[in-house]
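Below, all heavy atoms of this structure are taken into account, side chains as well, without hydrogens, waters or symmetry copies.
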Amino acid sequence: MKIATWNVNSLKVRLPHVLDWLALNQPDVLCLQETKLQDENFPIAEIAEAGYQTLYSGQKTYNGVALLSRQSGNELITAIPGLEDPQKRVLGAIYNDVRVICIYVPNGEHVTSEKYQYKLKWLAALKDWVRDMLSEHRKLVLLGDFNIAPEECDVHDAKLWEGQVLFSLPEREAFRDVLNLGLTDSFRLFEQPEKSYTWWDYRMMAFRRNMGLRIDHILLSNDLAKTCTACVIDKGTRRLERPSDHAPVMVELAACGLEEPYPENRFPSSPANCQVTSEQVSGFAGNAESASTENYSEGS
DNA sequence: ATGGCTTAACAATTAAGA
């Protein structure tokens with residue numbers, strides 16, 4: 001089973017990319033964020049032609065989440081129970097026996113803004129809800145745009161981002177609290193390329209300079225983590241014409257059986273952080289590649 | 001000097017993203 005997440009930053013603009021990506025990658029479930037579509041405008045027919053069913057929860061202009069899937073989903077959820085929130089940021093469904101929860105966490109704007117408080121409140125409500133969900137579902141996937149880079153190695157320049165929204169300690173602690181409920185950051189189950197990110201600013205030639213953050217995540221319950229055989233970021237989409245500023249992330253779960261042996265490249269006891277990787281790269285700080293990226297300037 | 005782009009709304013600017 002392949003499950004993926006992608007913040008498309010307008011499904012209207014990105015529909016061709018999404019259709020191409022589905023055909024190429026054949027996920028069983030693709031979770032989308034920032035569809036920016038009202039439900040009556042959702043492109044059901046085009047996606048059906050590609051062989052995918054659709055569930056969606058959208059609004060005008062902002063936010064909006066969707067689930068594209070081969071099989072139909074059950075037990076739809078469109079909000080965090082008990083959280084007063086008019087913004088469409090949550091969509092859950094069960095596929096086979098896997099509880100999938102697609103989320104678009106508030107951005108937060110700035111640590112001094114009211115939106116940041118909304119973000120923290122939203123994350124606290126998420127934690128309470130996921131705790132309940134985990135008690136009901138042994139196989140649970142929580143994935144989407146978390147708008148949080150959990151560890152230093154998830155940020156191109158940790159000094160620059162220290163204390164800033166997306167990397168501030170309170171939100172990283174909130175992320176950690178969710179993990180501590182019994183979830184695993186699937187990306188860190190495997191050896192990964194250094195400086196792996198899922199988002200790059202449209203400005204400042206950030207993608208070309210790999211000035212990115214890893215803020216899109218796929219978290220797995222213990223039972224599912226044991227079946228996970230891969231987690232990859234597809235940077236290729238960021239090189240397309242009119243790209244989303246986010247790249248898709250996808251996990252592969254073994255078809256069945258919790259007794260599958262770990263794949264060989266996996267770190268079975270690795271915590272959901274990047275200590276191994278950051279030690280590996282510590283000797284390369286300020287290397288030639290990063291030095292060459294310092295030359296960006298329009299002069300004057 | 002701390003921006004630079006992209007999107008949606010709406011019709012020249014504003015809000016928002018991250």
Side-chain angles (χ1 to χ4, degrees), chain A residues 5-18 32-43 56-66 85-90 102-120 122-123 144-152 154-172 174-175 195-217 233 235 237-249 293-300:
Chain A
T5 178
W6 193 4
N7 180 324
V8 290
N9 183 19
S10 168
L11 183 56
K12 185 180 175 186
V13 173
R14 234 64 69 187
L15 184 60
H17 292 183
V18 170
L32 303 178
Q33 301 87 37
E34 286 206 87
T35 55
K36 298 186 176 178
L37 288 174
Q38 293 179 100
D39 289 347
E40 57 265 38
N41 298 328
F42 201 88
Y56 41 84
S57 177
Q59 66 185 88
K60 198 176 182 181
T61 311
Y62 303 119
N63 309 311
V65 282
D85 187 6
Q87 303 187 18
K88 305 299 187 186
R89 298 179 173 278
V90 171
C102 167
I103 60 170
Y104 174 44
V105 176
N107 165 278
E109 192 186 26
H110 189 269
V111 292
T112 60
S113 79
E114 222 157 90
K115 290 176 186 171
Y116 183 75
Q117 294 306 317
Y118 164 58
K119 181 179 194 176
L120 293 180
W122 201 95
L123 288 165
D145 178 0
F146 285 70
N147 270 319
I148 300 170
E151 305 290 340
E152 288 198 357
D154 299 316
V155 178
H156 70 90
D157 185 341
K159 274 279 176 285
L160 183 72
W161 282 89
E162 188 177 9
Q164 302 297 311
V165 75
L166 312 183
F167 192 57
S168 70
L169 287 175
E171 50 193 310
R172 289 164 65 193
F175 184 86
K195 299 172 184 168
S196 290
Y197 310 121
T198 65
W199 170 83
W200 302 261
D201 200 303
Y202 282 122
R203 301 165 296 184
M204 302 181 288
M205 302 196 293
F207 182 68
R208 264 208 283 180
R209 303 158 76 194
N210 198 27
M211 294 170 58
L213 305 179
R214 192 175 71 93
I215 57 177
D216 300 84
H217 307 292
I233 298 168
K235 278 174 73 169
T237 58
R238 193 63 172 75
R239 298 185 192 98
L240 299 169
E241 249 347 94
R242 286 186 88 183
S244 169
D245 44 356
H246 294 253
V249 187
T293 64
E294 300 302 324
N295 297 329
Y296 174 72
S297 169
E298 297 299 330
S300 82

When the distance from [atom1] of [X] to [atom2] of [N] is rounded to whole Å, what number comes out?
{"X": "A/Asp157", "N": "B/dT2", "atom1": "CG", "atom2": "P", "value": "19 Å"}
{"X": "A/Glu34", "N": "B/dA9", "atom1": "CD", "atom2": "P", "value": "13 Å"}
{"X": "A/Leu15", "N": "B/dT7", "atom1": "CG", "atom2": "C1'", "value": "16 Å"}
{"X": "A/Met204", "N": "B/dG17", "atom1": "CE", "atom2": "P", "value": "17 Å"}
{"X": "A/Leu240", "N": "B/dT6", "atom1": "CG", "atom2": "P", "value": "14 Å"}
{"X": "A/Leu11", "N": "B/dT7", "atom1": "CG", "atom2": "C1'", "value": "13 Å"}
{"X": "A/Asp245", "N": "B/dT6", "atom1": "CG", "atom2": "P", "value": "10 Å"}
{"X": "A/Tyr202", "N": "B/dA8", "atom1": "OH", "atom2": "C1'", "value": "13 Å"}

Can you check whether [X] has a side-chain N or O nearer than 4.0 Å to OP1 or OP2 of [N]?
{"X": "A/Arg242", "N": "B/dT7", "value": "yes"}
{"X": "A/Tyr104", "N": "B/dA18", "value": "yes"}
{"X": "A/Ser10", "N": "B/dA8", "value": "yes"}
{"X": "A/Lys36", "N": "B/dT6", "value": "no"}
{"X": "A/Asn9", "N": "B/dT7", "value": "no"}
{"X": "A/Arg203", "N": "B/dC5", "value": "no"}

Using atom types as modelled and distance alone, determine if a side-chain donor or acceptor of [X] lies under 3.5 Å from a backbone N or O of [Y].
{"X": "A/Ser113", "Y": "A/Gly108", "answer": "yes"}
{"X": "A/Arg89", "Y": "A/Asn63", "answer": "no"}
{"X": "A/Tyr202", "Y": "A/Asp245", "answer": "yes"}

What's the gap between B/dA18 and B/dT7 when it is taken at their P atoms, as a whole Å value? 14 Å

Nearest-angstrom distance, C1' atom, B/dA1 to B/dA15: 23 Å

A/Phe146: which residues meet the ring-ring contact (aromatic ring centres under 6.0 Å, His included) condition with it, sequence neighbours left out? A/Phe175, A/His217

Calculate, to the nearest 0.5 Å, the distance between atoms NZ and CD belonging to A/Lys119 and A/Glu109 respectively. 11.5 Å

Toward the 5' end of DNA chain B, by each residue's nearest nucleotide, A/Arg14 or A/Tyr62: A/Arg14

Go through the side-chain N and O atoms of A/His110 and A/Thr112 and say whether any donor and acceptor fall under 3.5 Å apart. yes

What nucleic acid atoms does [X] come within less than 4.0 Å of, heavy atoms only: base, sugar-phosphate, or nothing?
{"X": "A/Asp145", "value": "sugar-phosphate"}
{"X": "A/Asn107", "value": "base"}
{"X": "A/Lys119", "value": "nothing"}
{"X": "A/Gln164", "value": "nothing"}
{"X": "A/Val13", "value": "sugar-phosphate"}

Nearest to the side chain of A/Asn7, heavy atoms from C-beta on, is which of B/dG17, B/dA8, B/dA18? B/dA18

